[in-house]
Amino acid sequence: MEEMNETYLSDWLANKITDEQLKELVSAEDFEAFQKIKNTLTNFEISNPDLEQNFSAVKQKLADKSQAKTKVITLWRYASIAACLLVMFGLYHFFIAENTITTAFGQTQIITLADHSKVSLNAKSTLVYGNNYSYKRALCLDGEAFFEVEKGSSFTVKTSLGDIRVLGTKFNVIAFKDFFEVKCYEGKVEVTQKGKSIILAHGESVRYYNHTVENWADDTTEKPTWISGETSFKNVPMRYVIDQFKNQYNVEIDYPKTIENIKFTGTFTHKESTVALQTICLPLHLKFGKDQTGKIIISK
């Protein structure tokens with residue numbers, strides 16, 4: 001039936017049959033559709049080509065291609081600049097950018113470096129080292145840390161109070177305010193302070209404090225006691241002992257200035273502040289308590 005309708009449409013458009021004849025051959029719906037087709041074809045004209053207009057269109061297309069080429073060149077230029085910036089960022093990230101690790105009150109952290117050397121960072125301490133550490137083994141420390149250094153190129157720890165250089169060993173460094181102490185647990189370390197150097201072997205220590213230098217040697221364990229939860233002191237000024245206590249427990253302490261240079265030997269725990277205060281104060285016949293704000297008051 002659909003093929004017959006197409007034949008009727010073709011004959012009708014060719015004026016082989018009239019409108020009345022078509023109405024008798026197809027349904028009213030089909031006749032209406034055929035009428036719309038005829039009206040559309042009647043209004044459709046094919047004009048003669050305008051050569052001048054076409055030539056202008058061709059020139060416009062050529063101009064558009066030239067502009068597109070310019071855009072490509074501009075984009076390529078931007079891409080080159082972006083690539084240069086990316087290289088510069090990479091060089092900065094590798095040679096200049098630094099990693100900074102800071103511990104909070106009572107917090108310790110172990111950092112494994114690219115050469116598998118390990119740094120145990122004590123509370124309220126900061127360690128800084130560059131992204132190029134594998135090529136230049138140098139770090140900066142503010143606070144206290146224990147270093148377990150793999151053998152290799154020179155390994156340097158810089159502090160505001162002095163530098164330590166080793167090849168492969170274990171040692172502990174304290175660089176806090178005006179207190180600088182280094183203890184060697186394995187191998188040898190070179191400590192430089194104000195242009196003067198000293199070599200420490202296993203079990204040896206050096207301390208710089210209040211314009212004095214102290215050296216001593218003793219039997220030592222594999223690691224400092226603070227890693228196991230106790231801070232130990234040997235003939236250390238009370239000022240520094242109290243500072244270390246504050247770093248572990250995040251508290252405010254008032255004490256007489258007359259006791260800040262009294263030397264203390266002993267330990268305190270990191271687990272219980274009251275017990276820690278007792279071990280610090282009782283051997284020196286000091287008293288302690290708290291005021292209404294919770295501040296700890298140490299007195300004679």
Side-chain angles (χ1 to χ4, degrees), residues 102-109 120-126 141-146 159-162 171-185 191 193 203-300:
T102 300
T103 51
F105 289 101
Q107 178 192 19
T108 61
Q109 185 172 344
S120 299
L121 200 60
N122 204 352
K124 295 299 293 178
S125 300
T126 298
L141 173 68
D142 179 24
E144 182 172 10
F146 176 62
T159 78
S160 61
L161 302 173
F171 60 100
N172 192 74
V173 180
I174 302 171
F176 186 76
K177 295 182 178 178
D178 59 348
F179 188 93
F180 182 42
E181 180 180 296
V182 181
K183 184 171 185 177
C184 181
Y185 286 80
V191 181
Q193 205 266 351
E204 293 181 341
S205 302
V206 62
R207 177 187 300 150
Y208 302 88
Y209 177 78
N210 197 24
H211 306 293
T212 62
V213 181
E214 299 178 46
N215 297 88
W216 71 95
D218 53 23
D219 294 333
T220 184
T221 57
E222 292 184 358
K223 296 181 179 182
T225 59
W226 65 260
I227 292 178
S228 302
E230 285 189 346
T231 297
S232 298
F233 306 92
K234 182 172 182 176
N235 207 33
V236 174
M238 273 293 290
R239 174 186 170 188
Y240 175 71
V241 175
I242 292 173
D243 283 340
Q244 285 290 67
F245 180 89
K246 290 162 64 176
N247 286 346
Q248 292 298 330
Y249 290 102
N250 188 20
V251 293
E252 291 295 322
I253 300 179
D254 274 351
Y255 59 91
K257 288 188 177 181
T258 54
I259 72 168
E260 63 181 13
N261 289 318
I262 295 176
K263 299 299 180 64
F264 174 81
T265 298
T267 65
F268 72 75
T269 179
H270 299 172
K271 297 179 180 179
E272 173 56 53
S273 62
T274 301
V275 174
L277 278 171
Q278 289 174 344
T279 58
I280 293 172
C281 295
L282 293 180
L284 300 176
H285 305 288
L286 299 173
K287 300 175 183 179
F288 67 89
K290 291 184 179 180
D291 65 12
Q292 295 178 350
T293 65
K295 181 186 294 186
I296 296 172
I297 309 297
I298 295 178
S299 59
K300 291 185 177 180

- Message: Using 0.5 Å steps for rounding, measure from the CG atom of Asn122 to the CD atom of Gln244.
- Response: 6.0 Å
- Should Thr258 and Lys300 be marked as a side-chain hydrogen bond (donor to acceptor under 3.5 Å, both in side chains) after you check the CA-CA gap, both sets of side-chain angles, and the distance that decides it? CA-CA 10 Å; Thr258 54; Lys300 291 185 177 180; 3.2 Å; yes
- Query: Is atom CD of Glu252 surrounded by more than 12 heavy atoms (other residues, nucleotides or ligands) closer than 6.0 Å?
  - Reply: no
- Does a side-chain heavy-atom distance below 4.5 Å link Thr108 with His270? no
- Message: With a 4.5 Å cut-off on side-chain heavy atoms, are Lys263 and Phe233 touching?
- Response: no
- Would you say Asp291's side chain and Thr293's backbone share a donor-acceptor pair under 3.5 angstrom? yes
- Trace of the side chain to side chain contact (heavy atoms under 4.5 Å, CB included) decision for Met238 with Tyr255: CA-CA 10 Å; Met238 273 293 290; Tyr255 59 91; over 6 Å; no
- Please step through side chain to side chain contact (heavy atoms under 4.5 Å, CB included) for the pair Asn261 and Tyr209, ending with a clear verdict. CA-CA 11 Å; Asn261 289 318; Tyr209 177 78; 3.6 Å; yes
- Can you tell if the side chain of Arg207 reaches within under 4.5 Å of the side chain of Ile174, non-hydrogen atoms only? no
- Query: Is the distance between the ring centroids of Phe146 and Tyr185 less than 6.0 Å?
  - Reply: yes
- Is there a side-chain contact between Lys223 and Asn172 (heavy atoms, below 4.5 Å)? no
- Side chain Ser125, main chain Ala123, donor-acceptor under 3.5 Å: yes
- Would you find a donor on one side and an acceptor on the other, under 3.5 Å apart, between the side chain of Tyr249 and the backbone of Lys271? yes
- Any side-chain heavy atom of Ile259 sitting closer than 4.5 Å to one from Leu284? no
- Message: Has Thr126 got a side-chain atom pairing as donor or acceptor with Asp142's backbone, closer than 3.5 angstrom?
- Response: no
- Note on the structure: Nearest heavy-atom contact between Leu277 and Ile298 is CD2-CD1, 4.5 Å
- Message: Ring of Phe105, cation from Lys124 - is the NZ or CZ under 6.0 Å from the centre and inside 45° of the axis?
- Response: yes
- Task: Output, in order, the C-alpha distance, side-chain angles, deciding distance and verdict of side-chain hydrogen bond (donor to acceptor under 3.5 Å, both in side chains) for Asn215 and Glu204.
- Result: CA-CA 7 Å; Asn215 297 88; Glu204 293 181 341; over 6 Å; no
- Is any side-chain heavy atom of Phe245 less than 4.5 Å from a side-chain heavy atom of Val251? yes
- Item | Interatomic spacing from CD1 in Ile242 to CD1 in Ile253 - rounded to 0.5 Å | 6.0 Å
- Any chance you could measure Thr102, atom OG1, to Gln109, atom CD, to the nearest 0.5 Å? 9.0 Å
- Phe179 and Asp243, any side-chain heavy atoms less than 4.5 Å apart: no
- Locate the shortest heavy-atom distance separating Leu161 from Ala175; write the atom from each residue and the value. CD1-CA, 4.3 Å
- Message: A side-chain contact here means heavy atoms from C-beta on lying under 4.5 Å apart; do Glu181 and Phe176 qualify?
- Response: no
- Item | Side-chain donor/acceptor of Thr265 to backbone N/O of Asn235, under 3.5 Å | yes
- Between CD on residue Gln278 and OG1 on residue Thr269, distance to nearest 0.5 Å: 11.5 Å
- Task: Report the distance from atom CZ of Phe268 to atom CD of Gln248, rounding to the nearest 0.5 Å.
- Result: 5.5 Å
- Query: How long is the gap from CD1 on Ile296 to CZ on Phe288, to the nearest 0.5 Å?
  - Reply: 8.0 Å
